[in-house]
Amino acid sequence: MNDAVRLLALYFPQFHAIPENDEWWGEGFTDWVNVKRACPQFRGHSQPRVPQGGNYYDQSKPETLAWQIDLARRHGVHGFCHYHYWFDGKQLLDTPTNLVMESKGPEFDFPFCLAWANETWSRRWDGRDHHILQQQSHTPDPALWMRHFEYLFRAWSDDRAVKIDGKPMFLVYRAHLIREIGAMFDLWREEALKRGLPGLYLVAMKQYEFPVPDVLKHFDATMQFQPFEALYSPDYEAPGVETRRIFRPLRLLPERMQDMLRAVRYNLFPALTFYDYEMVWKHILKVEREGGIPAFPGAFVDWDNTPRYVKRARIFRGASPERFAYWFRRLVEVTATRPDPERLIFMNAWNEWAEGTYLEPDERHGLRYLEAVRDALEAVNAPQGGRIQGMAAD
């Protein structure tokens, strides 16, 4: 590590066809299908979002990944945090990550880590939350844990792996769902040491309050997944808070019952929910440790998931490249004062087009969000050693 503030962008791998999505959503389905068919829900609503030059890319092509890496590197992004989908041995949407790991040329020399999105897949996009597509059971079986480890070790032992104190970083989206998580991590850490790694650096992603705070004892750090860590924080008060408070008790119910109740609400009472961009960013600047371990700040570009949820979408009012530039610069300045290793920011996201949060250029704003990232990082990091493009993974 060094004194520079670094940015990792969450990387979404849903832009290539897989047999499962063909079966569930129709042949050739990718997230571009949802993005293209989005319609404005009110006067002045910016939908659909169109990638610059109509670049509806395919992530199964190495040239797509090389283009993304080049674009990110040139604008100060340190690396990508790939979403990783693992279901007791079955893996989905792994093609982009596998291509990166298999490609050793200079155009792929870009740091990366993995974030295990360990949730059950259901038909949330059409409100049928109770319709399970792919079950996530977290079977507490050492044989399955080792099978998972074998895949992860490919990423962890890669020279481009993002590391803290030499330890490869791995993030978990819903830590409290994993049965016997301590035993699983102990096995992984022991096996990593046997294979020559100095250990693992495990990070719990915080979107809501941790329903089982004790789970943090198994982790080395937390990451604040924005904008929802801010929205669901106990001290957040802003437009939308009433809805948040009414439905917060749902999280005390079993997961299956939560899904069923949300499905009833979404289908019987569809409504857009609006949030204030500025208020959420003000909260984001208040990065606080939890559980006595380091906390990595999160950032977000924008949010409008109309492509997926239509009349049930969540939308942030006030988002623009100018407002993002102002708030992201402030976050970088705050982060620069934090102790090592907490000078690492996670951006939601590089390419979550159907959620409306992406750094990639579109027809409306071009490269302005990426330019804001580059300018903020260069301005703050320059006194500490200049430009950060091309920094090593550790």
Side-chain angles (χ1 to χ4, degrees), residues 1-4 6 8 10-11 13 65 69 73 78-91 94-118 138-173 175 178 180-205 215-223 293-294 296 339-344 346 388 390-394:
M1 297 290 290
N2 58 40
D3 290 337
R6 302 186 299 174
L8 292 178
L10 297 173
Y11 183 86
L65 307 182
I69 287 171
R73 185 190 291 119
H78 175 65
F80 287 153
C81 180
H82 291 224
Y83 282 118
H84 166 69
Y85 302 91
W86 180 276
F87 304 85
D88 281 353
K90 181 173 182 176
Q91 198 166 358
D94 52 325
T95 295
T97 303
N98 292 339
L99 283 174
V100 166
M101 291 194 292
E102 294 162 3
S103 303
K104 304 298 184 180
E107 67 272 30
F108 295 96
D109 187 13
F110 196 59
F112 72 95
C113 61
L114 304 184
W116 185 13
N118 61 314
H138 298 106
T139 304
D141 181 347
L144 288 174
W145 295 342
M146 278 305 302
R147 186 176 174 187
H148 195 181
F149 176 88
E150 293 296 343
Y151 179 83
L152 294 173
F153 186 74
R154 289 178 56 198
W156 294 342
S157 58
D158 193 292
D159 291 340
R160 297 161 294 180
V162 175
K163 301 181 181 73
I164 303 293
D165 296 329
K167 302 174 182 178
M169 175 181 284
F170 182 63
L171 293 83
V172 178
Y173 189 60
I178 302 175
E180 299 187 27
I181 188 172
M184 183 181 74
F185 282 174
D186 286 346
L187 178 64
W188 287 358
R189 285 188 168 108
E190 180 181 356
E191 193 64 27
L193 290 171
K194 288 180 181 178
R195 301 193 189 191
L197 292 176
L200 303 175
Y201 198 87
L202 304 173
V203 181
M205 300 171 69
V215 76
L216 293 182
K217 69 182 181 182
H218 303 296
F219 286 88
D220 300 288
T222 63
M223 178 272 256
I293 55 179
F296 296 112
D340 186 42
E342 295 171 77
R343 290 187 289 273
L344 181 63
F346 285 84
I388 67 169
M391 286 171 49
D394 186 32

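What you see is a predicted model, and the numbers here were worked out from it, not measured in a lab.
- Minimum interatomic distance between Ala175 and Ile181 (heavy atoms only, all atoms of both residues): O-CD1, 3.8 Å.
- With hydrogens and angles ignored, the 3.5 Å screen pairs no side-chain donor or acceptor of Trp86 with any backbone N or O of Trp116.
- Under the 3.5 Å distance criterion, the side-chain polar atoms of Asp158 are matched with a main-chain donor or acceptor of Arg160.
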Please test Met146 against Glu150 for side-chain contact (heavy atoms from CB on, under 4.5 Å), starting from the C-alpha separation and ending with a verdict. CA-CA 6 Å; Met146 278 305 302; Glu150 293 296 343; 3.7 Å; yes
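- If you take CE on Met101 and CG on Leu99, they are separated by 9.5 Å, rounding to the nearest 0.5 Å.
- The nearest pair of heavy atoms linking Pro294 to Asp220 is CD-O, 3.1 Å.
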Take Leu197 and Lys167, measure what side-chain contact (heavy atoms from CB on, under 4.5 Å) needs, and give me the verdict at the end. CA-CA 7 Å; Leu197 292 176; Lys167 302 174 182 178; over 6 Å; no
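- Side-chain contact between Leu202 and Arg189 is present, with heavy atoms from C-beta onward closer than 4.5 Å.
- Two residues are said to be in side-chain contact when any heavy atoms from C-beta on lie closer than 4.5 Å; Leu344 and Met169 meet this criterion.
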For the pair Leu200 and Trp188, evaluate side-chain contact (heavy atoms from CB on, under 4.5 Å) and give the outcome as yes or no after the intermediate values. CA-CA 8 Å; Leu200 303 175; Trp188 287 358; 3.8 Å; yes
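- When all heavy atoms of Asp165 and Pro198 are compared, the closest pair comes out as O-CG, 4.3 Å.
- Between the CG atom in Asn118 and the CD1 atom in Ile178 there is a gap of 4.5 Å [rounded to 0.5 Å].
- Closest approach of Trp156 to Ala161, counting heavy atoms only: O-CB, 3.8 Å.
- Tested against His84, the residues Val172, Leu171, Leu152, Thr97 include a single side chain to side chain contact (heavy atoms under 4.5 Å, CB included) partner, Leu152.
- Side-chain contact between Tyr85 and Gln91 is absent, with no heavy-atom pair separated by less than 4.5 Å.
- Side-chain contact between Leu8 and Cys113 is present, with heavy atoms from C-beta onward closer than 4.5 Å.
- Between Phe149 and Leu144 there is no side-chain heavy-atom pair separated by less than 4.5 Å.
- Rounded to the nearest 0.5 angstrom, Phe185 CZ and Lys217 NZ are separated by 13.0 Å.
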Give the intermediate values and the outcome of side-chain contact (heavy atoms from CB on, under 4.5 Å) for residues Phe80 and Leu114. CA-CA 8 Å; Phe80 287 153; Leu114 304 184; over 6 Å; no
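- Using a 4.5 Å heavy-atom threshold, the side chains of Val203 and Phe170 count as separate.
- Taking the six-membered ring for Trp and the full ring otherwise, the centers of Phe112 and Tyr11 sit at least 6.0 Å from each other.
- For the pair Asp141 and Arg147, the salt-bridge criterion is not met [side-chain N within less than 4.0 Å of a carboxylate O].
- Looking only at side-chain heavy atoms (C-beta outward), Ile69 and Arg73 come within less than 4.5 Å of each other.
- Neither side chain, Asp94 nor Tyr83, offers a donor N or O lying under 3.5 Å from an acceptor on the other.
- A pairwise comparison of heavy atoms in Ala115 and Met205 identifies CB-SD, 4.0 Å as the closest pair.
- Taking both residues in full, the closest heavy atoms of Leu193 and Gly199 are given as CD2-N, 3.9 Å, listed atom of the first, atom of the second, then distance.
- Geometrically, Arg195 engages Phe153 in a cation-pi contact, judged by NZ or CZ lying under 6.0 Å from the ring centre and within 45° of the ring axis.
- Looking only at side-chain heavy atoms (C-beta outward), Arg154 and Asn98 come within less than 4.5 Å of each other.
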